Amino acid sequence: MSQHYGPSYVRAIAPYQAGKPISEVAREFGLDEAKIVKLASNENPFGLPASAATAMAAAAADLGRYPDANAFDLKSALAARYDVPMSWITLGNGSNDILEIAAHAFVEKGQAIVYAQYSFAVYALATQGVGARAIVVPAKHYGHDLDAMAAAIDADTRLVFIANPNNPTGTFVSAPEIEAFLRKVPASVIVVLDEAYNEFLSPEQQYESTAWVKQYPNLIVSRTFSKAYGLAGLRVGFAIAQPEATDLMNRIRQPFNVNSLAQAAAIAALNDQAFLAKGAANNRAGYAQLVAAFEELGLEYVPSSGNFVLVKVGADEGAGARVNLALLKQGVIVRPVGNYGLPQWLRISIGLPDENAAFIAALKKALA
Ligand SMILES: *Cc1c(COP(=O)(O)O)cnc(C)c1O
């Protein structure tokens with residue numbers, strides 16, 4: 001008889017599938033790294049902001065010491081920006097860490113977590129990681145059906161994950177819809193509102209989620225420096241919640257989960273409004289560029305409020321994998337989403353104009 005280690009709910013976890021690194025694709029397909037275009041992980045096409053690089057160079061002198069476990073400077077900057085006390089902030093090693101911390105802090109084995117079909121893959125991982133039961137609510141037009149999600153909350157439910165905008169579909173739920181949802185959720189259930197792509201919302205879509213945090217002690221708003229701020233490789237995210245929820249999360253959090261370089265870079269990026277504005281403008285233009293190509297090619301896509309677009313590249317179950325392989329051979333890395341139950345679709349991160357153009361040219365060849 002073979003020996004099994006660990007709980008069955010850990011053995012049942014399907015590991016997270018990350019976007020392929022450029023070096024790996026170069027090796028696998030015999031391509032020149034410099035010519036590869038990666039539009040697979042919703043990273044900032046401008047890369048690390050120069051302001052953050054400068055801040056890290058200065059912080060490097062102190063790397064022999066542990067980071068500030070309470071991240072005073074970064075928390076002060078965030079508290080000022082979002083008009084909340086520092087005691088309302090939890091830092092994460094990326095916001096993935098926040099999602100895991102929330103599951104560990106508020107849910108125990110056998111209890112339940114609610115999230116939507118086609119929502120971020122880490123919700124399933126966080127749920128399985130604590131041995132909780134997943135209540136997966138069918139999507140509406142590829143996005144969150146908040147009425148159905150509120151109705152799905154049962155006596156065992158302790159947490160709900162909502163991504164707004166959602167990844168991988170790019171769908172958006174409006175402020176009035178979220179407010180109506182928050183009013184319905186029992187006070188005993190934590191709501192994690194994951195706003196990883198908030199900075200890409202149009203002015204008409206923007207809303208003040210921290211105002212809701214002040215009203216709802218069960219609401220946790222999660223943000224990241226990985227996308228609009230261009231710090232994906234450094235791993236910094238944060239949560240804003242009232243002190244009781246924040247205190248519990250900080251007990252679960254590893255004391256030094258955000259390193260010194262990341263803290264310094266995040267402060268610089270937070271204050272770099274010019275970098276954010278440049279990214280937002282590029283994103284708008286790139287979205288128009290991609291969508292125009294999809295329309296020309298007669299491809300269905302899901303209107304996106306993020307920095308990526310989900311596009312249907314064929315009618316058969318093998319379409320996503322087939323077109324993805326054809327793109328890889330041409331040195332273009334995008335994200336297949338078969339693991340999300342979307343085998344006919346690909347998710348394309350919005351890049352610089354010439355990267356988008358390279359993808360479009362490769363897609364035309366792949367479909368020909
Ligand atoms: C990218 C992403 C995150 C953030 O990941 P980090 O760990 O902060 O890099 C969180 N939620 C969603 C929905 C995402 O797509």
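In listed order, ligands and their atoms are each counted from 1. Predicted model, so just to flag it, every value in this text is computed and none were measured.
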Q.
Among all protein heavy atoms in this structure, tell me which lies nearest to atom 7 (O) of ligand 1, with the distance rounded to 0.1 Å.
A. Asn96 ND2, 2.5 Å
Q) At what distance is the nearest protein heavy atom to atom 10 (C) of ligand 1, and which residue and atom is it? A) Ser95 OG, 3.3 Å
Q) Any idea which atoms of ligand 1 are less than 4.0 Å away from a heavy-atom of Arg235? A) 6 (P), 7 (O), 9 (O)
Q) Hey, which atoms in ligand 1 end up nearer than 4.0 Å to a heavy atom of Ala196? A) 2 (C), 3 (C), 10 (C), 11 (N), 12 (C), 14 (C)
Q: In plain terms, say whether Glu108 and Arg158 are close enough for a salt bridge, that is, a side-chain N and a carboxylate O under 4.0 Å apart.
A: no
Q. Given Asn250, which of Leu248, Ile252, Thr246 fulfils the side chain to side chain contact (heavy atoms under 4.5 Å, CB included) condition?
A. Thr246
Q) At under 4.0 Å between heavy atoms, which part of Asp194 makes contact with ligand 1: side chain, backbone, both or neither? A) side chain
Q: Measure the distances from the heavy atoms of Phe225 to every atom of ligand 1 and state whether one is below 4.0 angstrom.
A: no
Q) When you look at Asn167 and Arg347, which way does the side chain to side chain donor-acceptor pair (under 3.5 Å) test go after all the steps? A) CA-CA 9 Å; Asn167 173 21; Arg347 191 196 67 191; 2.7 Å; yes
Q) Of all the atoms in ligand 1, which lie at a distance below 4.0 Å from a heavy atom belonging to Asn167? A) 13 (C), 14 (C), 15 (O)
Q | Pair Lys214-Glu208, salt bridge (Lys or Arg N to Asp or Glu O under 4.0 Å): steps then yes or no | A | CA-CA 11 Å; Lys214 290 171 188 174; Glu208 260 309 325; over 6 Å; no
Q: Go through the side-chain N and O atoms of Asp73 and Ser76 and say whether any donor and acceptor fall under 3.5 Å apart.
A: no
(Q) How far is atom 9 (O) of ligand 1 from the closest protein heavy atom, and which atom is that? (A) Ser226 OG, 2.6 Å
Q.
Just to confirm my output: which protein heavy-atom neighbour is closest to atom 1 (C) of ligand 1, and how far is it?
A. Lys227 NZ, 1.3 Å
Q: Please determine if Asn42 has a nitrogen or oxygen closer than 3.5 Å to a nitrogen or oxygen of ligand 1.
A: no
Q: Identify the two heavy atoms, one from Glu43 and one from Asn307, that lie closest to each other, and give their separation to 0.1 Å.
A: O-ND2, 4.1 Å
Q | Heavy-atom donor-acceptor pair, Asn166 side chain to Thr171 backbone, under 3.5 Å | A | no
